[in-house]
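Within every chain, numbering begins at 1; the chains are lettered A, B, ... in the order of the sequence lines, protein sequences first and strands thereafter.
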Number of protein chains: 4
Amino acid sequence: MTYEVTSIVEDAALVEKRRKQIVDAATTLFSSQGFFRTTIKEIAKLAGISSGLIYQYVTDKEDVLLLVLLEVVDAYARELPAAIESATDPLDRCVAAIVAYCRVVDAHRAATVLAYRSTKSLSEDRRVRIQRRELETNQIIAGVITECVRKGYFRRVNVNVLTYQIVMTAHAWALKSWYFKTILTLDDYIEHSLDILLKGVLAPSAEKKWQSISKDMASPPSNPSR
Amino acid sequence: MTYEVTSIVEDAALVEKRRKQIVDAATTLFSSQGFFRTTIKEIAKLAGISSGLIYQYVTDKEDVLLLVLLEVVDAYARELPAAIESATDPLDRCVAAIVAYCRVVDAHRAATVLAYRSTKSLSEDRRVRIQRRELETNQIIAGVITECVRKGYFRRVNVNVLTYQIVMTAHAWALKSWYFKTILTLDDYIEHSLDILLKGVLAPSAEKKWQSISKDMASPPSNPSR
Amino acid sequence: MTYEVTSIVEDAALVEKRRKQIVDAATTLFSSQGFFRTTIKEIAKLAGISSGLIYQYVTDKEDVLLLVLLEVVDAYARELPAAIESATDPLDRCVAAIVAYCRVVDAHRAATVLAYRSTKSLSEDRRVRIQRRELETNQIIAGVITECVRKGYFRRVNVNVLTYQIVMTAHAWALKSWYFKTILTLDDYIEHSLDILLKGVLAPSAEKKWQSISKDMASPPSNPSR
Amino acid sequence: MTYEVTSIVEDAALVEKRRKQIVDAATTLFSSQGFFRTTIKEIAKLAGISSGLIYQYVTDKEDVLLLVLLEVVDAYARELPAAIESATDPLDRCVAAIVAYCRVVDAHRAATVLAYRSTKSLSEDRRVRIQRRELETNQIIAGVITECVRKGYFRRVNVNVLTYQIVMTAHAWALKSWYFKTILTLDDYIEHSLDILLKGVLAPSAEKKWQSISKDMASPPSNPSR
DNA sequence: CATGAATGAGCGTTCATTCAT
DNA sequence: TATGAATGAACGCTCATTCAT
């Protein structure tokens with residue numbers, strides 16, 4: 001997970017450690033105050049180091065933002081595959097992927113919102129690096145969808161549009177948490193979203209299978225018609 | 001459309017005119033450079049007035065942002081109802097609402113993205129005002145969905161979740177336009193999205209009606225399985 | 001005397017006034033502490049304005065240095081011609097030029113030293129501008145030398161080398177004033193320098209004329225052999 | 001050649017070696033970028049040592065500058081006497097001294113300019129040490145001039161002024177090399193300068209001797225009247 | 001002796017905001 | 001009402017110097 005962000009310090013372990021301190025502090029601060037309202041000195045203070053030291057591990061304030069955003073997209077890239085591997089049947093895998101994605105978003109809620117707010121604060125080339133990673137993650141989801149289509153579970157839909165529909169559904173949990181948090185839990189949200197999204201693409205022949213999966217899910221929608 | 005934003009100047013018509021100049025300039029600049037990278041001087045210059053004058057119509061730089069964001073959410077509040085009124089049957093109204101929402105987003109792509117980027121730059125109370133407006137707009141959509149459910153067109157889904165699913169679908173066109181623009185047109189996007197979203201909630205008895213609506217739409221998905 | 005240094009402020013008279021304040025303050029400070037040890041805030045304070053205001057009249061700290069150095073070279077360009085015009089005979093004019101040059105240097109001692117210390121702190125293009133002005137001033141001296149040669153007062157010497165010999169003689173008064181001030185006065189210095197320099201280039205036929213000029217000079221070398 | 005600059009390290013040979021590394025690196029960097037634009041890290045890197053180590057051999061960054069400038073003035077003090085000893089006749093010795101001085105300056109062009117730029121960056125007491133050395137070197141030249149005067153080769157001129165005239169002539173080759181390099185070679189420059197300077201002080205009786213010396217010089221002025 | 005990570009004071013510069021005109 | 005010159009707090013960043021290893 002080398003970030004291709006150059007550091008003056010050579011000791012790899014130290015770089016790892018310091019960067020973690022910096023990124024952790026910056027994530028907290030950027031999330032609550034935004035990139036521009038956060039000062040390098042605040043980051044340094046929260047990270048427990050001096051402000052000058054940050055520049056031994058990073059070239060720019062923008063570089064700190066890049067590191068923070070990479071951390072988020074990497075969390076997806078790390079955790080999604082693990083979730084998928086737990087199952088073999090395409091439909092199971094698809095559901096697992098969606099559930100996992102939503103949970104990762106929930107765990108990184110602040111950082112997810114930050115990505116939407118701050119990606120444009122990056123220089124062109126750094127922004128492109130983030131977008132490339134997002135596409136890579138999306139390919140994982142697109143992959144399981146394609147499996148489902150091949151296996152005849154899904155009717156023939158536009159895979160890319162469906163992929164983003166799923167992605168946006170997950171992101172919405174973070175982006176609109178100020179609203180959702182007032183009306184339902186994450187598990188409810190996942191249930192309802194799966195219900196809406198998958199019902200729309202299931203082939204008739206797969207509906208029975210879906211119902212059994214649906215029933216197995218831990219906490220059934222508590223309030224289906226609110 | 002009094003914005004509850006205090007102005008020193010009393011002549012209402014002049015206030016209207018100046019604010020329009022300011023908001024237009026600010027929208028352009030905020031969208032391309034972001035809130036923090038844009039200076040009051042730049043806004044003044046583009047608006048064709050002096051920087052000092054801005055403070056006769058606004059208390060703060062943040063106030064300018066508020067005005068800009070209110071403009072966007074108002075565009076929804078203005079144009080959605082118009083689209084809905086064109087039809088009477090709930091399903092037609094629902095489709096019309098979704099299509100209209102997507103088109104409004106497309107017309108305000110930059111500003112929509114801006115809303116996601118910059119809402120958090122507002123102070124708590126101003127942010128809440130924006131969110132309240134967003135909810136009001138969403139109520140319009142929730143309304144037509146409820147109509148569809150009552151009429152038996154839609155099965156009993158969580159109306160609020162579905163509403164945001166629709167909203168996020170429309171917003172996604174703006175938020176991920178860097179990607180979508182490379183693979184399909186707005187019309188294609190709307191088609192595919194409707195296909196996925198509505199199929200998932202239509203009651204069996206309404207499917208025939210949906211098919212006829214679907215067929216009437218100008219440009220059918222040109223590439224359904226891409 | 002437009003300095004081709006861009007200012008944000010448009011009122012020409014104000015620009016003139018503020019720049020004078022800035023240049024005067026900067027000249028004092030740069031001379032006593034050097035360019036790098038002097039801060040913008042110090043300049044602002046001494047100039048009686050705020051630090052931010054400086055950037056309305058200058059783009060850079062380096063720009064302030066440029067203005068200061070231009071002031072010095074302009075002093076030469078302004079005062080030399082005046083001194084020369086006072087006489088018509090080439091030899092008289094040449095002596096007048098040298099004397100005048102030495103006096104200008106004396107009046108701008110600190111700034112002259114500054115030019116030697118700090119010209120290299122300028123960016124390439126700004127340094128070139130200064131050098132070009134220096135050459136222009138030198139042309140004035142080279143001109144009177146050429147006149148003297150044509151008139152047969154001077155034997156045929158390398159005009160450019162002699163020109164710089166004269167220039168360096170004058171500058172030396174500033175550059176080595178820490179030494180000269182301990183052993184003689186400016187007038188003495190001029191006398192001795194003229195004695196050495198001109199004797200070396202006078203044609204035999206002009207020696208009589210030189211002696212009469214020499215005798216006319218106010219304060220004869222008080223200590224010819226020290 | 002103990003520089004009276006205190007070092008923590010005791011091994012004299014090592015001190016010598018390290019100081020040479022440091023001074024060599026610093027001379028290069030100071031000359032091209034100036035004292036303030038050069039960082040201790042850059043010096044350390046070019047010297048092939050760590051930045052911390054420099055402080056074992058020097059107390060200050062300013063101390064490094066002192067060492068560098070002492071090196072230059074020492075070059076004069078070292079090489080001038082050698083040049084003079086090659087001849088016995090005062091006039092020969094004088095010419096040899098001037099020629100040698102010019103050549104030393106040429107060999108240390110960058111460092112000579114550096115001395116003019118940076119001497120004032122030193123603290124008072126360190127600056128005085130440099131000036132004292134400069135005066136010592138000048139005494140060598142003043143010495144041969146005095147010899148010439150005693151021997152009747154030179155008329156009675158102000159020895160100190162003439163000494164500095166010579167010194168400045170040599171320094172000018174470095175200070176104004178941006179100009180001279182475009183119009184003549186070092187040898188031409190020396191020729192012309194000697195021609196102007198010495199002609200002005202030669203007693204009539206010594207002119208013949210001067211002419212024979214002059215003729216012996218390798219490359220006669222190629223362009224005497226330019 | 002030597003290293004280089006760490007510190008933190010201090011600088012140039014920007015820009016929202018004010019206010020005399 | 002309108003202007004734009006003026007203010008000054010605040011920020012990102014640099015770098016001489018120290019010190020644990």
Legend entry - DNA chain E: 5'-proximal contact among D:I49 and A:S50 (nearest heavy atom): D:I49
Atom pairs, protein N/O to nucleotides 12-14 of chain E N/O, distance under 3.5 Å:
{"from": "E:dG12", "atom 1": "OP1", "to": "C:T38", "atom 2": "O", "distance (Å)": "3.4"}
{"from": "E:dG12", "atom 1": "OP1", "to": "C:K61", "atom 2": "NZ", "distance (Å)": "2.8"}
{"from": "E:dG12", "atom 1": "OP2", "to": "C:I40", "atom 2": "N", "distance (Å)": "2.9"}
{"from": "E:dT13", "atom 1": "OP1", "to": "C:D60", "atom 2": "OD1", "distance (Å)": "3.0"}
{"from": "E:dT13", "atom 1": "OP2", "to": "C:Y55", "atom 2": "OH", "distance (Å)": "2.5"}
{"from": "E:dT13", "atom 1": "OP2", "to": "C:K61", "atom 2": "N", "distance (Å)": "3.0"}
{"from": "E:dT13", "atom 1": "O5'", "to": "C:Y55", "atom 2": "OH", "distance (Å)": "3.4"}

Inset, instruction - Keeping to residues at least two apart or across chains, list the salt bridge (Lys or Arg N to Asp or Glu O under 4.0 Å) pairs with something in residues 48-57 of chain A. - result: none
Touch check for [X], heavy atoms < 4.0 angstrom, all strands: base, sugar-phosphate only, or nothing?
X: B:I8; result: nothing
X: B:D11; result: sugar-phosphate
X: C:R37; result: nothing

Legend entry - Test item: B:K61 side-chain N/O and B:T39 main-chain N/O as donor-acceptor pair under 3.5 Å: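 No, the answer is negative, given that no donor and acceptor are paired below the 3.5 Å cut-off.
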Inset, instruction - Report the residues that fulfil side chain to side chain donor-acceptor pair (under 3.5 Å) with B:E10, sequence neighbours left out, ordered by chain and then residue number. - result: none
Legend entry - Span of DNA chain F, from the first to the last nucleotide whose atoms fall under 4.0 Å of chain B heavy atoms: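 So the outermost contacting nucleotides come out as F:dT1 to F:dG4.
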Run the salt bridge (charged side-chain N to carboxylate O under 4.0 Å, His left out) test against [X] and tell me which residues pass, sequence neighbours left out.
X: C:R37; value: D:E62
X: B:D60; value: B:R126
X: B:K20; value: B:D24

Inset, instruction - Measure the distance from OH on A:Y57 to P on E:dG4 and round it to the nearest whole Å. - result: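 About 13 Å, once rounded to whole Å.
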Inset, instruction - Could you tell me the separation between the CD1 atom of D:I54 and the P atom of E:dG4, rounded to a whole number of Å? - result: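 Checked: the CD1 to P distance equals 13 Å.
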Legend entry - Pair listing, ring-ring contact (aromatic ring centres under 6.0 Å, His included) test, anchored in residues 7-28 of chain C, at least two apart: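 Those involving residues 7-28 of chain C do not exist here.
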Legend entry - C:Q56 or B:L14, whichever maps to the more 5' nucleotide of DNA chain F: B:L14
Inset, instruction - Tell me which of B:R18 and D:L53 sits closer to the 5' end of DNA chain F, going by the nucleotide each one is nearest to. - result: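 It is B:R18 whose nearest nucleotide is closer to the 5' end.
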Legend entry - Sequence-distant partners of D:T38, side-chain contact (heavy atoms from CB on, under 4.5 Å), two or more places apart: D:L29, D:F30, D:Q33, D:E42, D:I43
Inset, instruction - Return the set of residues passing side-chain contact (heavy atoms from CB on, under 4.5 Å) with D:R117 (not counting sequence neighbours), or none when no residue passes. - result: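 With sequence neighbours excluded, D:R117 shows a side-chain contact (heavy atoms from CB on, under 4.5 Å) to C:K120, D:V113, given in chain and number order.
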Less than 3.5 Å apart, which donor and acceptor atoms pair up between the side chains of residues 45-59 of chain B and the rest of the protein, not counting sequence neighbours?
{"from": "B:S50", "atom 1": "OG", "to": "B:L53", "atom 2": "N", "distance (Å)": "3.4"}
{"from": "B:T59", "atom 1": "OG1", "to": "B:D63", "atom 2": "OD2", "distance (Å)": "3.1"}

Legend entry - Secondary-structure string, 5' to 3', Watson-Crick or G-U under 3.5 Å, | for another-strand partners, for DNA chain F: .||||||||||||||||||||
Legend entry - Point-to-point distance, once rounded to the nearest 0.5 Å, from CD1 of B:I130 to OG1 of B:T119: 6.5 Å
